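Remarks on the structure that follows.
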Protein chains: 2
Amino acid sequence: MEATRLAKVFKALSNERRLELFRLIYSQCRQEEVRSQKDGKGCCEGIEKAFTMACGCMDLSRSTISHHFKELQNAGLITCTRQRQTFICQVNEEYVEAVRSFLS
Amino acid sequence: MEATRLAKVFKALSNERRLELFRLIYSQCRQEEVRSQKDGKGCCEGIEKAFTMACGCMDLSRSTISHHFKELQNAGLITCTRQRQTFICQVNEEYVEAVRSFLS
DNA sequence: ATTAAAGTTCGATAACATTCGAACTTTGGT
DNA sequence: ACCAAAGTTCGAATGTTATCGAACTTTAAT
């Protein structure tokens, strides 16, 4: 991955609260993978109600949380979709892998 | 590594020019390891004239380059020492490893 | 002793980021 | 039809970052 995009990924993770948010999403995503026996095949199907969950466990306004989700999306780290009532959030493993391989 | 410190590491890598600088240092450090057959034992002894080298290959003022070196140091990613005429720069493998393990 | 090279520090400026509350939209429940 | 919940968007306030040139310090070379 070229420097420009990689720097954007790092920028997305450079804010402490946003990093916590990503950590939350990422760890849930990996639990989900284990639960559904998809471990190793990349990324889980997506966590539901990620926004609501984040609002519940982070002491930030909804608008700020929304903004942080946008930033993680813009960086390419996650993809969010809405299907009627639920906000579904997936981690983009390709990007996570890019960071890992940058450092090896 | 806790979120606060990790976010600082990411912040240090979030600027494109600084990322290039780190990449430069890091790749040279790893070449050095191979050359001196210390591969796998962590980090090389340190690259000499890192500042001068950076000035030569990055189109930025010396003051800005100095600033970027400081930021990488503050984040804990590198350690710089001056021994008389040479500026010696080492990569702190512990921090690199922390980032890798955050994403796994 | 003078000069040059290698870095650092300072002050300024412009750009960007974080966060909030308020106002809004869309969807679901009653 | 009305209300609540879930999100988004906007505007403002405040703080942080990137970058430069100028002025400085320290070490080496002549």
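Throughout, protein chains are lettered first and strands after them, A, B, ... in sequence-line order, and every chain is numbered starting at 1. None of the values given here were measured: they were computed from a predicted structure.
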ask   = CD of A:E71 versus P of D:dG7: gap in Å, rounded?
value = 19 Å

ask   = Separation of B:K11 atom NZ from D:dG15 atom C1', in whole Å?
value = 11 Å

ask   = Can you check whether A:R18 has a side-chain N or O nearer than 4.0 Å to OP1 or OP2 of C:dT18?
value = yes

ask   = B:E16 has an atom CD; how far is it from atom P of C:dC16, in whole Å?
value = 14 Å

Touch class at under 4.0 angstrom, heavy-atom based, for A:I65 against every strand present = nothing

query = Within this structure, what is the CG-to-C1' distance between A:L60 and C:dT18, rounded to whole angstrom?
reply = 10 Å

ask   = Do you see a donor-acceptor pair shorter than 3.5 Å between the side chains of A:S101 and A:S104?
value = no

query = Quick one: salt bridge (Lys or Arg N to Asp or Glu O under 4.0 Å) partners of A:E20, sequence neighbours excluded?
reply = A:R17

task = Tell me which nucleotide among C:dT19, D:dT19, C:dC20 gets nearest to the side chain of B:N15.
result = D:dT19

Test item: side-chain donor near acceptor, B:Q90 and B:T79, under 3.5 Å = no

Please write out the pairs of protein N or O atoms and N or O atoms of nucleotides 9-13 of chain C separated by less than 3.5 Å, giving the distance to one decimal.
residue	atom	partner	partner atom	Å
C:dT9	OP2	B:K70	NZ	3.1

note = Taken to the nearest whole Å, CG/A:N74 to P/C:dT18 is 12 Å

task = Using a heavy-atom cut-off of under 4.0 Å over every strand shown, decide if B:F69 touches base, sugar-phosphate, or nothing.
result = nothing

query = Are the side chain of A:N92 and the backbone N or O of A:I78 linked by a donor-acceptor pair below 3.5 Å?
reply = no

inquiry  = Under 4.0 Å, heavy atom to any atom of DNA chain C: which of residues 48-59 of chain B qualify?
reply    = B:F51, B:T52

request  = To the nearest Å, give me how far apart NZ (A:K8) and P (C:dC16) are.
outcome  = 12 Å

remark   = Rounded to whole Å, CD1 of B:I88 lies from P of C:dA6 at a distance of 16 Å

task = Using atom CG of B:L19 as one end and atom C1' of D:dA18 as the other, report the distance to the nearest whole Å.
result = 15 Å

request  = Would you kindly confirm whether B:L21 and B:I88 end up in one hydrophobic cluster when ILVMFWY residues are joined by side chain heavy atoms under 4.5 Å apart?
outcome  = no

task = Output, in order, the C-alpha distance, side-chain angles, deciding distance and verdict of ring-ring contact (aromatic ring centres under 6.0 Å, His included) for B:F87 and B:F69.
result = CA-CA 11 Å; B:F87 185 100; B:F69 267 104; 5.1 Å; yes

